[in-house]
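Quick notes on the structure that follows.
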Amino acid sequence: MARVGVFICHCGENIGRTVDCAAVAAEAGKMSGVAVAVDYKYMCSDPGQAMIRSAIAEHKLTGVVVAACSPRMHEVTFRRAAAQAGLNPYLLEMANLREHCSWVHEDRAAATAKAVDLVRVMVEKVKRNRALLPVRVPIEPTAMVVGGGIAGIQAALDIAAGGRKVILVEKSPSIGGHMARLSETFPTLDCSQCILTPRMVEAATHPNITLMTYSEVAAVEGFVGNFQVTVRRKARYVDVAKCTGCGDCSTKCPQKKIPNEFDANLGTRTAIYTPFPQAVPNKPVIDAEHCIRLTKGKCGLCAKVCTRGAVNFEDKDELVQVKVGAIVLATGFELWDHSAYGEYGGGRLKDVIDGFAFERLASASGPTSGRIQRPSDQAEPKTVVFIQCCGSRDEKMGKAYCSKICCMYTAKHAMLYRHKVHDGRAVVFYMDIRAAGKGYEEFVRRAIEADGAEYVRGRVSRVYRRADGKLIVRGADTLAGKPVTIEADMVVLADAVVPRAGSEKLAQMLGVPYDGDGFYSEAHPKLRPVETAAAGVFLAGACQAPKDIPDSVAQASAAASKVLGLLSRDELEREPIIARVNSQTCVHCRACINACPYRAIEDAALPARAGAPAAQVARVNEGLCQGCGTCAALCRSHSIDLDGFTDEQVFAEIATLE
Amino acid sequence: MKTIGYYPGCSLHGGGRELDMSLREVCRLAGVELREVDDWNCCGATAAHNLSHELAVALPCRNLALAEQQGITELLAPCAACFSRLKGTNVRLARSAELAGRMREVTGRDYRGTVKVLNLNEFVSRLLADGLAAKLISPLALKVAAYYGCLLSRGQDIVEGQDAENPDGMEAALRAAGCEVVDWNFATECCGGGFSMSLTPAVTDLSGAIMRDARACGAEAIVTACPMCHSNLDMRQKGMGGDFQGAGRMPVLYLTEVLGLAAGLEPKALGLNLHFTDAMSAASARHAQPVEGSR
Amino acid sequence: MSQTRTSQLASYVSRHTGVNVAECYQCGKCTAGCPMAAYMDMSPNQVMRLVQIGDEAATEALLASEAIWACAGCLTCTQRCPRQLDPAAVMDCLREMSCKQGKASKAARKIVAFHKAFLKSVESGGRMNEFPLVRNYKLASRDFFSDVALAPAMVVRGKLHLKSQRVRDKAEIRRIFAACREARR
C-alpha cells in the first residue's frame with residue numbers, strides 16, 4: 001500500500017506569488033496513495049528538510065514528492081535528507097513548480113491548476129519507484145597526463161604530491177612545451193626557462209611520476225577508473241639507459257641544415273639532436289626522415305663516435321599498454337599558420353614572422369643568441385611593426401574569438417625589442433588592449449610610457465615588400481581618423497591561438513566533445529571548468545581555451561584536485577540511473593550498441609547451463625552508462641528499461657494527464 | 001566557328017578602342033565570332049551606382065534581357081566595369097525576388113537570368129584551353145607586370161575563381177605569349193578609377209605609384225584588361241612625374257594586344273599606334289624568327 | 001527575442017544594402033587600405049561610425065561630407081573587412097541620399113557634376129558619348145581649362161567621336177530613367 005508524502009515549497013515568493021501552494025497541498029492530500037501533504041516557505045532549508053525527515057518517520061512513508069524548484073537545483077539535497085531518515089533516496093522525486101510553472105506563467109488560477117497536475121504526475125511515478133542502490137566500480141589509482149607543457153607538468157606534480165602515481169606522456173622528445181621556447185614571461189619578465197626547468201627536473205625525478213617522452217596516445221579503451229591506454233613509444237634510436245647526454249653525436253652529425261622546429265625554423269639542427277640544451281630527458285633522438293643512415297644506409301657516424309654504444313639503428317616503435325583511473329588532457333596550443341592571410345604576404349615574406357619566432361630571436365639560447373636580427377639578411381631591424389589580432393576576432397579567417405594572450409605578449413615583445421635596440425622603433429597596431437590579469441594593465445602602460453613603444457589603434461590592411469626591401473605596412477589610426485603607413489624592417493604577427501594539430505583525433509578517441517574552433521569542451525562553462533562530458537577525463541591549459549601561464553597552472557592544479565578526489569577512493573560510486581538489458585528478450589540486433597553516445601553498451605555472451613555460450617546479448621556497462629535513455633527508446637524488442645525512468649513509470653505519468 | 005555574345009560597352013567604342021580592335025583580331029585568329037548585342041545601352045558604370053541603385057540595376061538588366069531575347073547564352077564584357085555591373089546584376093536579381101519584380105516594372109522586360117557573363121581574363125583562358133597557345137608563334141620577350149586593378153580581383157560574388165589578394169587570371173596567357181611575368185606589389189591597387197577628370201591628382205598619384213612599383217620590380221611594360229585602368233596608366237602617364245617622361249615612359253598594353261603581338265599580327269591592326277604612351281616599340285620585343293611548332 | 005536598437009539612418013542603410021552596421025567594431029582596416037583616404041574629410045571607419053550613431057547631426061555630417069564622394073568604389077574595404085561587412089555599399093547608399101536630397105558637399109562639386117553629366121549623356125541617347133559628357137561636365141563644374149589639349153589627341157585617335165552613338169529605342173531608356181526617379185523608398 002503506497003504511502004506518499006507530498007511537500008509543496010513556496011520558494012519564498014518565487015513559487016508562492018504565482019501558485020497557490022496551500023491549495024495545491026490541499027488537492028494533493030486528496031490524491032490516491034498520498035498519506036500527507038503540506039506546504040512550507042523554504043523546503044530546502046534546515047527546518048524544511050527536518051519536516052521531511054520527521055514526516056517519513058511519523059507517517060512511515062514509502063515515497064516522497066517534493067514539489068519545488070528544478071531537480072537540477074536540489075534533488076541531491078532532498079535525496080540526502082530522505083536517506084538520513086532511512087528512506088532509499090531513489091524513492092524521492094521532485095515536481096518542478098518553479099522553472100516549469102511559476103517562472104513561466106502569470107495567470108495564478110491556471111498556474112495553480114498546472115501545479116496540481118504536475119504534483120499528480122509525480123505522485124503516480126513515485127508509486128512505481130523501486131529502491132535503487134548506487135553502482136560501485138573499482139578504481140585504478142594511477143593517473144595519466146597527456147601533454148608535457150607547463151599545464152601537464154603542474155598537473156603531474158600535484159597529483160604526485162597527493163600520493164598517486166602519474167604517467168606523463170609527451171609527443172616531442174622533451175617536456176617543457178612552449179614555455180621552454182619563450183625568452184621572458186609577462187608581467188614579471190622572468191627568464192622563462194629559469195622558472196620552468198626546476199619544475200621539469202622535479203617532474204623527471206619525482207618517484208611517483210613516470211615520463212614517457214617521444215610518445216603518443218594511440219588508443220583508449222575502458223571507462224572512468226578503468227582506462228586501458230595504448231601508448232606508442234616512438235623509436236628514438238638511442239638507448240636512454242646507456243646515453244649520458246654528452247652530445248658528441250650531434251656535434252659529428254653531417255646533416256646540419258634541418259630546419260629547427262623549436263626555433264620556429266629560424267635556425268637549424270642535426271638529424272640526431274636534443275631539442276634544446278635544457279631538455280628533459282637530456283637524451284637525443286634521431287629524426288628518421290632526415291637521417292642518412294636510416295634513409296640511405298650510409299653514414300652512421302654518431303654510432304661510431306658514441307663511447308657508450310648508445311645509438312641503435314634497429315630501434316622500433318613500441319606499443320605499451322597501461323591502466324589508469326583518470327586522464328588529464330593538457331595538449332596545449334599552437335599558433336595559426338598565417339599563410340592564409342594574403343594581404344600580409346601569404347606566408348611568403350621572410351621578415352614577416354610570428355610570436356614564437358620573435359621569442360626565439362630574443363632568447364639568449366636562440367639561433368641569434370638573443371640579438372634581434374631579421375631572418376632575410378640577419379640585419380638588425382630599426383623599425384619593427386607588431387600587428388595584433390592576426391586571425392583572431394576575424395570571422396573572415398574563420399575565428400571569431402579573442403586569443404587572450406597576444407595583447408600581453410606583444411607588449412612584452414615591444415619592450416624586449418626596445419631594451420635590445422635602443423634606437424629602434426616599435427610600432428604596435430591594435431584594436432583593443434586586453435590586459436585583465438594581475439599587474440597586466442600596469443605592464444602595458446610601462447611598455448608605452450617607460451619603454452617607448454608606439455601604440456596605434458587600427459588594424460593593418462596590407463603588408464608588402466617594396467622593391468628596395470622595406471616592408472610597407474598600411475595601417476590606420478582610427479582615433480585620429482586617418483591611415484598610417486610605416487616603412488618597417490620586420491613585422492611580427494600576433495597569430496591566433498589554435499588547438500594543436502591532432503587534438504581532434506585524441507578527443508574522438510576519448511569521447512571528449514570539442515567546439516567549432518577545436519578547443520576541448522568543459523562540462524559547464526561556469527561551474528565545471530576542468531571536467532569534460534567524459535567521466536574521468538579532465539582538462540588543463542590552453543587545449544580548453546587560449547590562456548596564459550598563470551591560468552594554465554591554476555587550471556592544472558584544479559584538474560589535479562579533481563583527479564585526486566576521484567582516485568582517493570578504492571571504489572567509484574555512481575548514480576544508479578542506468579539502463580538495464582533484459583537478456584532473455586534481447587535479440588542482439590546491436591542497435592543500442594551503435595547508438596549509445598557513451599559507448600557504454602557491450603556485447604556479452606550468455607552462458608548456457610553447461611557453461612558454453614548460448615547466445616550473444618547486449619549488456620550495459622554500469623560504469624559508463626549516463627542514463628540518457630537513447631537505447632531504451634530505440635530497442636525494438638522492448639528489452640531495455642532505464643532504472644529510475646522505467647517504461648511503467650513514464651507511461652503512468654502520461655496516463656495521469658489524460 | 002564558335003560564337004559568343006559580345007557587349008562592347010561605351011568605352012570600347014571610345015577611349016578603349018584598342019581593346020576592341022585587338023580583341024577582334026585575337027578572336028579572328030582563334031576562330032571565334034563575336035555576336036554583338038543588338039541595340040545595347042550603357043551599363044551605367046560608376047555614375048549609376050553612385051547616384052541611383054535602381055538605375056544601376058535597370059540599365060544592365062535591359063542589356064541582359066536583350067541578350068536573352070536574342071538567343072545569347074554567354075556574354076563577353078571586356079570592360080571590367082561593364083562586366084562588374086552586368087554580372088553583378090545577375091547576382092543581385094537571383095538573390096532578391098523583390099528586386100527582380102521591380103526591375104520587370106522599370107524595364108518593361110522579363111529577364112529570366114539565363115545569360116552567363118564572362119570577363120576578358122575568363123574569355124582568354126578559355127581561348128587558351130581551346131588551343132590558342134599554338135598560334136602564338138612569335139613570342140613577345142617582355143618583362144611584364146600583370147595588373148588586375150579592382151574589378152577583376154575583388155567582389156567575391158562577382159569575380160569567381162580568383163584569390164583577391166593574389167589573382168593570376170592573366171598569367172597563363174602572358175606566359176604562353178612568351179612574356180616573363182614579374183613578381184610585384186601593386187597588382188590589385190586602385191588606379192583612381194573614374195576620377196580621371198573630376199579628381200585628376202588622385203589618378204596621377206595612384207596610377208603613378210602603380211607604375212613606379214612595376215618598374216622597381218623589373219617590369220618593362222604593364223599589361224591590363226580594363227579600359228579605365230588603361231586610360232589612367234596610359235593617357236595620364238605624362239602627369240606622373242619626371243621618371244615617366246621621354247625615355248622613361250613605360251608602355252601600357254592590353255592583354256589582347258600582347259596576344260596579338262605574340263601571334264605575329266601587325267601592331268597597327270591591334271591599335272598599338274593609338275596609345276598615348278608609345279607602345280609601338282614594345283612590338284620589337286618579339287623574336288625576329290617565328291618559333292616553329294606548338295607550345 | 002531581443003532586437004538590436006539601431007539608429008534611423010542605420011535602419012535605412014540596412015534595408016537598402018543588407019549591411020548591419022552594428023556589427024562594425026571600428027577596427028579601421030577599411031581606412032587602412034583605402035586608396036582615397038587622403039582626399040577624404042573623414043575616414044571610412046568614421047563614416048561607418050556616424051551611420052551607427054545615425055542621429056540628425058550625424059546624418060547631416062555624412063550627407064554633406066567630401067568623404068562619400070571621394071570614395072572610388074574600389075572594394076578594398078569590403079574585401080578585407082574582418083566582419084565581412086560592405087562599407088562600399090554603405091558609401092553608395094549615402095551618395096544616393098546625398099544627391100537626391102541636394103546636400104552634396106561643394107568641395108565635391110566636380111565629382112558630382114561628372115556623374116550627373118555621365119548619366120545625362122546616357123539618358124539622352126542610351127550610351128555615354130565623350131563629347132557631350134565633357135561638355136556638360138565642364139559647364140556644370142566650371143572647370144573649363146583642364147585637359148583641353150587632350151581633346152584633339154583623342155579625336156585623332158578615334159577615341160572621341162563628334163557624332164554621338166545612340167540606341168534605337170531611346171524612349172525605352174528615358175522611361176527607365178523616369179521610373180527610377182519616382183521610387184524613393
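Chain letters run A, B, ... following the sequence lines, proteins first and then strands; every chain starts at 1. None of these values were measured; they are calculated from a predicted model.
When all heavy atoms of C/I176 and B/R62 are compared, the closest pair comes out as CD1-CD, 4.0 Å. Among all heavy-atom pairs drawn from B/R154 and C/L75, the shortest one is CD-O, 3.4 Å. Heavy-atom minimum distance, C/W69 versus B/F195: O-CZ, 3.4 Å. Nearest heavy atom pair, residue B/L206 against residue C/P35, reads CD2-O, 3.7 Å.
Within residues 107-118 of chain C, the residues having any heavy atom closer than 4.5 Å to a heavy atom of chain B are C/K110, C/I111, C/F114, C/H115, C/K116, C/F118, listed by residue number. Listed by sequence position, the residues of residues 78-87 of chain B in contact with chain C number zero, using a 4.5 angstrom heavy-atom cutoff. Residues of residues 78-94 of chain C placed with any heavy atom under 4.5 Å of a heavy atom in chain B are listed by number as C/Q79, C/R80, C/D92.
With chain B as partner, the option from C/T17, C/I173, C/N129, C/L160 having the largest number of non-hydrogen pairs under 4.5 angstrom is C/I173. Across C/S98, C/C74, C/S146, C/A153, the residue that shares the most heavy-atom pairs under 4.5 angstrom with chain B is C/C74.
No donor-acceptor distance shorter than 3.5 angstrom exists from the side chain of C/D147 to the backbone of B/M197, with no hydrogens or angles considered. A donor-acceptor pair is defined here as one N or O able to donate and one able to accept, closer than 3.5 Å; such a pair exists between the side chain of C/R157 and the backbone of B/L274.
Not counting sequence neighbours, the partners of B/R109 by the salt bridge (Lys or Arg N to Asp or Glu O under 4.0 Å) test are C/E172.
The neighbour count for C/Q8 CD, taken as heavy atoms of other residues, nucleotides or ligands under 6.0 Å away, does not exceed 12.
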